[in-house]
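Numbering of residues begins at 1 and proceeds along the displayed sequence. Fair warning: this is a prediction, and the values are worked out from it, not measured in the lab. Scope of the values below: all heavy atoms of this structure, side chains included, with no hydrogens, waters or symmetry mates.
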Amino acid sequence: MKIPSLLLNDGHYIPAIGLGTYQIRGGQGIDQILSAIQDGYRLLDTSTNYDSEGIVGEAIRRSGIPRAEFFVTTKLPGKYHHFNDTLDSIQESLCRMGLTYFDLYLIHWPLPKRDLYPEAWKAMIEAQKLGLIRSIGVSNFEPQHLNRIIKETGVVPAVNQIEVHPYWVQKRMLQADQKLGIITEAWSPLGRGNAALNEQVIVDLAEKYQKSPAQIILRWHNQRGILPIPKSSSLIHQRQNLDIFDFKLTNDEISKINSLEKAAGRIDGQDPNEYEEFD
């Protein structure tokens, strides 16, 4: 299955949908990732905090597909935001995955109370110059965090991966990213559990387009200019999640899905201005 690509602000291309690997672990996880690769996934999203870097690297090796065809993303834990710690963590993750470079490396959370994310960003710029990373970006950054690292370094992140789903539409952040030329990625793009999938507007659109509710939501992301990273261990759902490029929602239908937003729609109430990682 041919997956469209999006152009990043640094000139690299990234697949328009990827596979999240949160809570996918162990030998069973390798098989699940291998199955996704066989179905056409090339953007594989992991994190040191997910404890899945090793199995993603192993799945890539077992796939028999050249490394250059993959787009591999991982993320920096908060405990490694000091400059030298960041560089060491990047190299450790590369060794853990058996890779020589990452296609995309993200600061997982800004952790503004610690106030070290600009230092981590400067280290990532250095790692990019050393050839360890092709594209650098951030995750869960608010406009003030983005503006600060850009002001201090002159380097704009290629990607900002944030929580987006029908209960947390993120219009404000999407506009902020777009203004800066940053691609917005969505983690937990379907929300958690089945609540959003069972919303009547989603169910009705699924019936109209002969698609699954998940496919409707993923297409909603895509048409808003967002790159979704759905996580699924189900082989059927993995395959379905890729099959979203042969229909188009109307602007009115997109607005109806937007209207599902809730004031307290965040999954775990994780406010990037307050959130502290567990080390």
Side-chain angles (χ1 to χ4, degrees), residues 6-14 45-50 53 71-94 99-164 168 170-187 225-227 229 266 270-279:
L6 302 175
L7 178 63
L8 298 174
N9 60 22
D10 60 9
H12 293 296
Y13 284 88
I14 184 171
D45 181 274
T46 183
S47 166
T48 300
N49 285 345
Y50 296 171
E53 286 179 325
F71 194 102
V72 181
T73 303
T74 194
K75 309 179 189 76
L76 177 73
K79 61 184 176 181
Y80 296 134
H81 277 196
H82 285 290
F83 189 94
N84 288 335
D85 288 343
T86 298
L87 288 175
D88 288 344
S89 183
I90 292 166
Q91 293 170 79
E92 175 63 28
S93 288
L94 286 169
L99 303 176
T100 57
Y101 69 91
F102 290 121
D103 297 277
L104 177 63
Y105 195 80
L106 309 176
I107 299 176
H108 205 156
W109 289 89
L111 309 177
K113 293 178 182 178
R114 305 185 192 188
D115 200 33
L116 292 170
Y117 65 90
E119 188 173 336
W121 185 243
K122 290 170 185 175
M124 287 164 58
I125 294 170
E126 179 65 21
Q128 187 179 37
K129 292 176 181 176
L130 293 171
L132 302 177
I133 308 167
R134 291 195 170 176
S135 296
I136 55 177
V138 295
S139 183
N140 303 299
F141 271 46
E142 292 280 299
Q144 66 271 23
H145 308 136
L146 294 170
N147 291 335
R148 182 174 173 191
I149 61 173
I150 294 168
K151 182 178 180 180
E152 290 194 19
T153 66
V155 178
V156 180
V159 165
N160 187 12
Q161 185 180 123
I162 58 177
E163 178 181 353
V164 193
W168 196 245
Q170 289 274 37
K171 181 179 180 181
R172 173 183 63 92
M173 276 311 309
L174 180 58
Q175 290 176 339
D177 287 343
Q178 288 174 336
K179 186 176 180 180
L180 292 168
I182 299 170
I183 291 288
T184 301
E185 285 186 339
W187 60 261
I226 297 169
L227 194 168
I229 309 287
R266 282 192 173 106
Q270 293 174 324
D271 181 350
N273 295 300
E274 300 293 334
Y275 181 72
E276 287 287 304
E277 276 179 7
F278 295 102
D279 288 337

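- Rounded to the nearest 0.5 angstrom, Y80 OH and L116 CG are separated by 14.5 Å.
- With hydrogens and angles disregarded, a donor-acceptor distance shorter than 3.5 Å links the side chain of N147 to the backbone of P143.
- With 3.5 Å as the limit, one finds a donor-acceptor pair spanning the side chains of T153 and W121.
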Check the pair Y105, I90 against side-chain contact (heavy atoms from CB on, under 4.5 Å), reporting the backbone distance first and the verdict last.
CA-CA 8 Å; Y105 195 80; I90 292 166; 3.4 Å; yes
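- A 4.5 Å side-chain heavy-atom check between Q128 and L132 finds every atom pair outside the cut-off.
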Walk me through it: do E126 and K122 pass the test salt bridge (charged side-chain N to carboxylate O under 4.0 Å, His left out)?
CA-CA 6 Å; E126 179 65 21; K122 290 170 185 175; over 6 Å; no
Decide salt bridge (charged side-chain N to carboxylate O under 4.0 Å, His left out) for D45 and K75; before the verdict, give the C-alpha distance in whole Å, the side-chain angles of both, and the deciding distance to 0.1 Å.
CA-CA 9 Å; D45 181 274; K75 309 179 189 76; 2.6 Å; yes
Working for side-chain hydrogen bond (donor to acceptor under 3.5 Å, both in side chains), residues H108 and S47:
CA-CA 8 Å; H108 205 156; S47 166; 3.2 Å; yes
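- In this structure, P272 and R266 approach most closely via the heavy-atom pair CD-NH2, 3.5 Å.
- Residues L94 and T100 form no side-chain contact, since every pair of their non-hydrogen atoms from C-beta on lies 4.5 Å or further apart.
- Within the 4.5 Å cutoff, no side-chain heavy atoms of I136 are placed close to those of D10.
- Both tests do not hold together for R134 against F102: distance to the six-membered ring centre under 6.0 Å, angle to the ring axis within 45°.
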Applying side-chain contact (heavy atoms from CB on, under 4.5 Å), run through L111 and K79 and close with a yes or a no.
CA-CA 10 Å; L111 309 177; K79 61 184 176 181; over 6 Å; no
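- Proximity of P110 to I149: side-chain heavy atoms (C-beta onward) are nowhere separated by under 4.5 Å.
- Ring orientation note: the planes of Y117 and H145 are nearly perpendicular, at an angle over 60° on the 30°/60° scale.
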Derivation of the side-chain contact (heavy atoms from CB on, under 4.5 Å) call for H81 and E119
CA-CA 7 Å; H81 277 196; E119 188 173 336; over 6 Å; no
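- Summarising the geometry of G131 relative to Y101, their closest heavy-atom pair is O-CB, 3.6 Å, with the distance given to 0.1 Å.
- With 3.5 Å as the limit, one finds no donor-acceptor pair spanning the side chains of T74 and S93.
- Ion pairing between E142 and R172 holds under the 4.0 Å rule for side-chain N and carboxylate O.
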Residue pair N160, T184: steps toward the side-chain hydrogen bond (donor to acceptor under 3.5 Å, both in side chains) verdict:
CA-CA 5 Å; N160 187 12; T184 301; over 6 Å; no
Output, in order, the C-alpha distance, side-chain angles, deciding distance and verdict of side-chain hydrogen bond (donor to acceptor under 3.5 Å, both in side chains) for N140 and Q270.
CA-CA 9 Å; N140 303 299; Q270 293 174 324; over 6 Å; no
Evaluation steps, side-chain contact (heavy atoms from CB on, under 4.5 Å), between W187 and I229:
CA-CA 6 Å; W187 60 261; I229 309 287; 5.6 Å; no
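- Taking each heavy atom of A186 and I226 in turn, the nearest pair found is CB-CG2, 3.7 Å.
- Residue F71 comes nearest to D103 through the heavy atom pair CA-OD2, 3.3 Å, listed as atom of the first residue, atom of the second, then distance.
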Under the criterion side-chain hydrogen bond (donor to acceptor under 3.5 Å, both in side chains), I'd like the reasoning laid out for E53 against T46: C-alpha separation, chi angles, the key distance, then a yes or no.
CA-CA 6 Å; E53 286 179 325; T46 183; 5.4 Å; no
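- T48 OG1 to L76 CG: the interatomic distance, rounded to the nearest 0.5 Å, is 7.0 Å.
- Residues N9 and V156 are in side-chain contact: their nearest non-hydrogen atoms beyond the backbone lie under 4.5 Å apart.
- Looking at heavy atoms from C-beta onward, I162 lies out of side-chain contact with E185 at the 4.5 angstrom threshold.
- Side-chain atoms of M124 and T86, non-hydrogen and from C-beta on, do get closer than 4.5 Å to each other.
- Side-chain contact between P112 and Y275: absent, with no pair of heavy atoms (C-beta onward) separated by less than 4.5 Å.
- Atom NE2 of H82 is surrounded by 12 or fewer heavy atoms from other residues, nucleotides or ligands within 6.0 Å.
- Test K179, K171, M173 against Q175 for side-chain contact (heavy atoms from CB on, under 4.5 Å) and you get one pass: K171.
- Nearest heavy atom pair, residue N49 against residue P77, reads OD1-CB, 3.6 Å.
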